[in-house]
Amino acid sequence: MSRRHFKFVLLALTFILIFSLGSAVLAQDATEMRLVWWGSQSRHDRTIAVVEMYEAENPGLDIVYEFANFNDYWTLMNTQAAGGELACVMQQDYAYLSEWARRGLLAPLDPFIEQGLLDTSTIDDTYLEGGRVDGQLYGMNLGSNSQSIILDLDAFEQAGMDLPDPQWTWDDFEQVATELHDKLGIYAYGSPDLGDDQIWTAMMVSLGVNPFNDAGTDFGYTDDQPIIDHFNRLLRLQEAGVIQSYEEIQAAASTGPENSPIVTAEAAMQYQWSNQVVAIFSAAGENRHFKLWPMPRPEGARSANYLKPSMFFSIPEACEMKEEAAKFISFFVNDLEANEILFAERGVPVSSGVREHLQPMLDEVGAETFDFLERVAADASPIFPPNPPGYNDIRNNVWIPLFKEPVLYEQIPVEEGMAIFRSEAQAILAGNE
Amino acid sequence: MSEPIATLPVSKRVDEAASEAASQPKRRSRGFKQNNAVGYLFISPWLIGFLLFSFIPIAISLYLAFTNYDLLSGGEWTGLRNFERMFTQDIRYGRSMIATFKYVLLVVPLRLMFALAVAMLLNTKRRGVYWFRAAYYIPSIIGASVAVAVMWRQLFGPQGVINAIAQLLGFDPINWLGNPDTAIWTLVILAVWQFGSPMLIFLAGLRQIPSELYEAASIDGATSWQRFYRVTLPLLTPIIFFNLIMQIIANFRVFTQAFIVTAGGPLDTTLFYTLYLYRRAFNDFQMGYASAMAWVLLLIIGFFTALSFRLSRYWVFYETKEG
């Protein structure tokens with residue numbers, strides 16, 4: 001290669017570099033706003049339609065969106081946060097909200113409410129409460145939901161049994177389940193397993209204590225007996241064949257809601273968050289009859305149900321057009337037409353105006369979900385504060401592998417598992433000091 | 001103390017001599033450099049990619065291994081804290097070590113034996129042998145893919161083919177994936193089934209063994225077992241050794257199969273090292289801890305590779321050396 005050629009190649013490379021940098025700079029249009037969310041295909045379609053609607057009403061604003069499933073979404077968000085490139089409107093989850101807010105990654109929304117950019121006039125304060133961290137609103141609730149037990153009404157009828165008392169206890173649950181199993185010969189309860197960590201936290205709420213202390217440095221309670229009792233009950237039931245054993249649940253775990261035992265009529269009850277029942281109801285078809293029932297509670301405790309924001313919209317601190325972002329969130333939450341498209345897919349809408357508007361249009365599942373939340377709201381327990389940092393670590397690396405699984409596989413006694421859980425979780429929580 | 005002064009003139013003279021020697025081929029050396037520059041320019045796409053996406057991240061991960069970096073916050077220097085936690089506090093880390101070692105100890109010998117057996121079957125001049133070679137190699141091309149892992153899940157699932165066959169034969173269906181005793185075996189079988197690439201290498205090795213040796217052995221009255229044990233095996237040891245090293249390295253890094261077929265369960269019996277590392281990094285976002293785990297894995301693989309080389313001198317036979 002001669003010297004001239006060499007220079008030419010160098011020059012060409014330099015030009016390519018400069019042009020690619022230039023176009024990257026030009027792409028930073030001032031009227032471009034990024035929006036990110038996680039969810040299913042149905043949510044993607046609905047959200048994109050609303051984005052297009054908003055763009056049509058606001059010429060000059062270009063909303064660029066990204067979406068993913070829950071796990072990939074959080075990987076993406078954490079990476080973007082590390083690179084300082086967060087979007088202007090991001091979907092947030094109760095599990096992460098406090099951590100993100102306390103690390104200064106999110107902007108408080110209260111100033112936008114005061115400026116009138118974010119309209120909360122039709123939203124009851126109980127719906128906003130879950131989005132507050134240390135007294136400030138960091139997440140706008142996009143819909144509320146609550147835990148439920150789906151009851152197969154046909155199974156109850158076939159067994160000739162009345163529906164349980166809505167204020168049923170776990171003792172009642174055991175009795176009902178055993179009777180169902182005895183009369184029908186099927187599992188009274190299938191999957192997902194009842195050793196879920198969110199059943200533990202709900203149980204604490206119904207006992208009037210918070211799962212964690214306010215600083216997030218330790219548990220908020222000292223008496224583990226209710227959880228020990230709960231797991232002993234699960235062991236009794238799975239041994240008697242009344243509920244699916246954990247081993248069977250594990251083998252079937254990833255086959256999706258369409259194959260869940262209540263859909264295939266292998267079981268008569270199923271635990272589910274109320275915003276996730278649509279897939280189950282529709283998979284079961286029209287000639288099956290399901291009803292949402294409140295969670296069982298420990299003996300003598302208050303309701304084990306609380307209204308949880310299913311997800312939030314938050315504005316990252318890194319966003320340079322926070323006012324625009326706030327206006328979009330306001331539209332998303334309050335606009336009647338937009339919510340006809342969104343159609344409570346993210347949970348029952350928080351704006352009373354939207355709820356009233358949607359009520360007459362609801363299908364059977366939608367009506368059941370709205371009705372369930374209304375029934376539950378009547379005596380719901382207050383929601384506990386957002387989980388402390390490290391909660392996911394506790395859930396993924398302590399609750400499931402060191403406590404729930406060894407206990408339900410009958411490898412260690414419940415008491416021993418509970419002791420391990422407490423000490424290991426405390427070690428993680430101590431890191432928040 | 002006085003010695004350095006005494007030697008000074010000597011060393012100076014040496015320096016001068018050296019600089020004189022260097023000054024002579026100066027022109028040639030410059031030409032060399034220019035040629036190198038052009039060369040580097042040509043490999044620059046790869047070089048830049050390697051530096052940006054491999055070397056720099058690897059170097060950074062070494063640094064991160066000593067921090068508590070979690071993506072959201074900068075990460076403070078924590079010294080050996082991550083390693084201390086790994087070996088003294090993390091119960092799951094111990095479980096993942098057990099699962100990984102169990103897997104490697106099962107898969108590596110089984111896969112090599114299987115590959116050698118099939119290679120010997122295919123080392124004949126029967127009709128259609130080329131077709132069989134291709135057919136047996138296919139599982140390894142597609143083996144590590146997600147699709148096969150999904151298929152495996154279906155095969156061993158509660159209503160899968162394996163259980164259907166078991167029931168036809170009058171056995172009770174077994175919950176392969178949900179039972180802590182059987183789950184790892186589904187992955188071992190999957191891995192053994194992917195014997196293709198060691199098989200091809202064995203096949204090449206077998207073809208190189210001179211047929212005169214077998215003829216001579218036959219004339220001496222050696223049985224087929226003796227021919228295998230006395231002729232084939234010793235001459236094949238360099239190939240076996242190569243396959244052994246490759247398989248040890250590959251199987252310590254097993255990921256996809258466990259990620260999809262068993263998701264690390266039940267009871268962490270298939271929570272392989274890389275899977276746990278991935279979970280710590282991308283589910284818990286403990287990048288510092290995960291980086292530390294990655295470097296320990298490198299040391300483990302390095303140790304076993306070195307150990308294999310060390311032990312090889314006792315059993316690997318190279319024709320060129322003495323025989």
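Numbers restart at 1 for each chain; the letters A, B, ... are given by sequence-line order, proteins then strands.
- Within 6.0 Å of atom CZ in B:F255, more than 12 heavy atoms from other residues, nucleotides or ligands are found, so the atom counts as buried in its surroundings.
- Applying a 4.5 Å heavy-atom cutoff, the residues of residues 280-291 of chain B that approach chain A are B:R280, B:F282, B:N283, B:D284, B:F285, B:Q286.
- Among the residues in residues 406-417 of chain A, those with a non-hydrogen atom closer than 4.5 angstrom to a non-hydrogen atom of chain B are A:P406, A:Y409, A:Q411.
- Residue B:F156 does not touch chain A at all, counting heavy-atom pairs closer than 4.5 Å.
- A:R103 has its side chain within reach of B:D70: a pair of non-hydrogen atoms, C-beta onward, lies under 4.5 Å apart.
- Taking every heavy atom of both residues into account, A:E424 and B:Q89 meet most closely at OE1-O, 4.2 Å.
- Under a 3.5 Å cut-off, the side chain of A:E405 and the backbone N or O of B:L267 do form a donor-acceptor pair.
- At a heavy-atom cut-off of under 4.5 Å, chain A is reached by B:N179, B:P180 from residues 179-187 of chain B, listed in order of number.
- Here the side chains of A:N396 and B:R279 are not in contact, with every heavy-atom distance at 4.5 Å or above.
- Using a 4.5 Å heavy-atom cut-off against chain B, the contacting residues of residues 89-96 of chain A are A:Y96.
- Between the B:N175 side chain and the A:E247 main chain, a donor and an acceptor come within less than 3.5 Å of each other.
- When A:I400, A:N397, A:D393 are compared by the number of non-hydrogen pairs under 4.5 Å with chain B, A:N397 comes out ahead.
- Contact annotation: the side chain of B:R95 approaches that of A:L402 to within less than 4.5 Å [non-hydrogen atoms, C-beta and beyond].
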